Amino acid sequence: MVEPRLSAQWFVKIKPLAEHGIEVVENGEVSIVPENYKQVYLNWMRNIHDWCISRQLWWGHRIPAWRCLECNEIIVARETPTKCTKCPGSRLEQDPDVLDTWFSSGFLPFTALGWPEKTRDQEVFYPSTLLVTAYEILFLWVARMIMTGCHFMKGHQQDPKIKQASGWGDKKDDSVPFRQVYIHALVRDAERQKMSKTKGNVIDPLDIIERFGTDATRFTLAAMAAPGTDIAFNESRTDGYRKFANKIWNAARFMFMNVDQAQQAGVWSLDAWKKAAAGDRTHAGISGFQPVHLEDRWILSRFNRVTQEVGEALATYRFHEAANLIYDFFWGEFCDWYLELIKPRLMSPNGAARESVGLACGNLVSLFEAALRLLHPVMPFITEEIWQAVYDGKPPQKSIALAAYPQTNEKQIDLVAETHMAVLQDLIANVRNLRKELKLETKAKVPIQVYAQEPEIRKLIEKNRGAVERLATVESIEFVGASLAKEAGARSTARFDVHVVYEKKIDVGAERARLTKELERIEKEISNGQRQLGNESFLAKAPAQVVEGLRRRGQELQVLRSKTETALNELR
């Protein structure tokens with residue numbers, strides 16, 4: 001039978017250490033992200049017991065204690081003693097136990113920097129800024145590092161210049177081993193089961209990288225790393241991000257093809273662009289970008305806005321938000337919209353449009369280069385390859401990793417351009433949906449009718465008629481003076497009505513079902529908005545722009561509800 005047996009063990013009186021460990025977290029000298037793990041940490045520390053630090057293992061740091069074989073006196077010393085401190089005996093035997101692994105590793109932050117000697121490395125690198133780890137060792141390791149660091153490095157002062165440059169100049173206690181602890185998610189299988197060799201559900205990362213690429217694997221983990229939740233790793237997501245990498249590569253090929261043609265035609269020069277873009281790239285916005293056309297002003301504004309949102313997400317360790325923002329910008333706005341909008345300007349390197357082509361090429365390269373720097377932390381390999389190619393192998397820095405990360409330039413944010421482009425995108429998307437419902441052939445061009453009550457909207461559509469006709473496969477645009485909401489198969493928004501002129505019998509039942517569902521959605525959104533605006537607590541806390549946005553959206557929804565009800569009544 002296996003029975004428990006009492007044996008001598010070594011303990012550390014932990015309460016005094018824990019009190020300091022609690023204090024530095026409560027007063028903000030060490031912050032834990034996500035915030036909910038702070039309470040987990042504090043609960044552990046307040047209910048802590050004395051720590052048994054001895055282990056009966058073959059490998060580890062031997063406990064620095066010796067027993068006199070003649071009088072059984074225990075001697076603890078830094079150096080190996082030669083004789084007993086109690087009796088004249090010299091027969092000493094070192095304790096066979098080793099230190100607990102977590103006890104030994106708890107000293108890592110300062111022992112790696114020359115402790116117990118006072119070194120320049122300690123002045124520069126202690127405390128460090130950030131520790132990234134998993135929640136399962138928050139107590140086993142993180143808490144132990146905080147306790148031992150606060151004890152053994154008490155009174156330590158970091159170099160003030162280094163401390164200020166790190167962004168922690170307001171902190172007072174430099175005995176802590178790090179300023180922030182970021183608790184990342186665990187990667188589980190698709191069924192959210194913890195990976196285990198016993199279960200046979202372990203995913204080999206090298207196999208995933210071999211099949212989908214390192215960038216796609218890395219992006220998958222970043223895009224799914226929501227704070228406080230584990231990652232249910234799914235290969236289908238990784239395959240989707242492999243396609244995203246292909247999209248970036250194809251966009252780069254399209255850019256290189258067009259700028260090469262422009263260089264051959266003598267309307268654009270890489271050397272001239274590099275010279276114009278030379279200098280300090282640490283300034284905000286996109287260097288060398290000239291926003292002449294609506295699509296240029298729009299994409300420049302969107303890049304700066306996304307840069308701001310990505311920066312805020314990274315600063316608060318919301319990596320999934322940062323990754324998804326970059327994904328939506330690169331694929332949705334840059335590739336699906338901007339590249340399509342500027343194609344006509346790139347395809348005519350001869351004639352009167354030569355200057356326009358050079359401008360389009362310069363803007364495209366400047367934007368692409370900045371977007372690569374924005375994407376680089378999540379997809380480092382493809383961005384490095386393309387970035388080197390953009391500069392023809394002679395970049396201003398040895399690596400894109402050394403180039404400045406994009407910063408927002410408030411002056412390049414254009415709300416009017418974003419609003420106008422949103423109207424055009426809405427119009428094109430509605431026409432595309434109508435074509436799909438009517439089952440029109442992909443290349444078949446059809447005329448459309450548009451009703452816009454506001455002269456500004458009509459003028460906007462008229463000015464960008466070519467883009468609408470090309471991207472929505474439209475033959476012609478006719479502006480009408482009355483609402484088209486009653487027309488079967490029409491689409492209505494708060495700013496315009498659009499109708500595809502096509503002789504095909506409409507399925508009245510299906511159309512009524514669609515409009516009824518749309519009306520229910522509008523009613524629900526109106527109700528939610530009114531509930532928020534009627535909540536005094538919400539109004540007191542919400543930013544002014546959020547409240548104003550809700551009110552403006554409510555007015556738009558009232559118009560949409562009226563138009564949808566009219567169309568529904570016409571089908572009775």
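Remember, it's a predicted structure, so these values are computed and weren't measured experimentally.
A cation-pi arrangement is not found for Arg67 relative to Trp10, the charged atom failing to lie both closer than 6.0 Å to the ring centre and inside a 45° cone about the ring normal. Because its NZ or CZ atom is not both nearer than 6.0 Å to the ring centre of Tyr405 and within 45° of the ring axis, Arg373 does not count as a cation-pi partner of that residue.
Residue Leu186 comes nearest to Ala134 through the heavy atom pair CD2-CB, 3.8 Å, listed as atom of the first residue, atom of the second, then distance. Taking both residues in full, the closest heavy atoms of Arg188 and Asp230 are given as NE-OD2, 2.5 Å, listed atom of the first, atom of the second, then distance. Nearest heavy atom pair, residue Leu367 against residue Ile286, reads CD1-CD1, 3.5 Å.
Between the side chain of Lys86 and the backbone N or O of Ile74 there is no donor-acceptor pair closer than 3.5 Å. Put simply, the side chain of Thr316 gets close to the backbone of Glu312: a donor and an acceptor are under 3.5 Å apart. Side-chain N or O atoms of Arg91 include none that pairs as donor or acceptor with a backbone N or O of Glu70 at under 3.5 Å. Remark: the backbone N or O of Ser105 is paired with a side-chain donor or acceptor of Trp141 at under 3.5 angstrom. Side chain of Asp392 to main chain of Lys394: no donor-acceptor pair is present (N/O by atom type, distance under 3.5 Å, no hydrogens or angles).
Contact annotation: the side chain of Arg179 approaches that of Pro127 to within less than 4.5 Å [non-hydrogen atoms, C-beta and beyond]. Counting heavy atoms from C-beta on, the side chains of Ile248 and Leu375 come closer than 4.5 Å. With a 4.5 Å cut-off on side-chain heavy atoms, Ile146 and Cys150 count as touching. Side-chain contact between Glu235 and Phe212 is present, with at least one heavy-atom pair separated by less than 4.5 Å. With contacts defined as side-chain heavy-atom distances shorter than 4.5 Å, the pair Leu130/Tyr317 qualifies. Taking the side chain as every heavy atom from C-beta outward, Trp51 and Asp100 approach each other to under 4.5 Å.
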Dump the intermediate steps for side chain to side chain contact (heavy atoms under 4.5 Å, CB included) on Trp249 and Glu385, then the final yes or no.
-> CA-CA 10 Å; Trp249 193 258; Glu385 184 75 16; 3.9 Å; yes

Residues Leu364, Phe334; criterion side chain to side chain contact (heavy atoms under 4.5 Å, CB included); working and verdict | CA-CA 10 Å; Leu364 177 57; Phe334 177 66; 3.8 Å; yes

Stepwise side chain to side chain contact (heavy atoms under 4.5 Å, CB included) check, Glu123 with Ile162 | CA-CA 8 Å; Glu123 293 179 347; Ile162 299 295; over 6 Å; no

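A ring-centre distance under 6.0 Å is found for Trp115 and Phe152.
A salt bridge links Asp239 with Arg242: at least one charged nitrogen is closer than 4.0 Å to a carboxylate oxygen.
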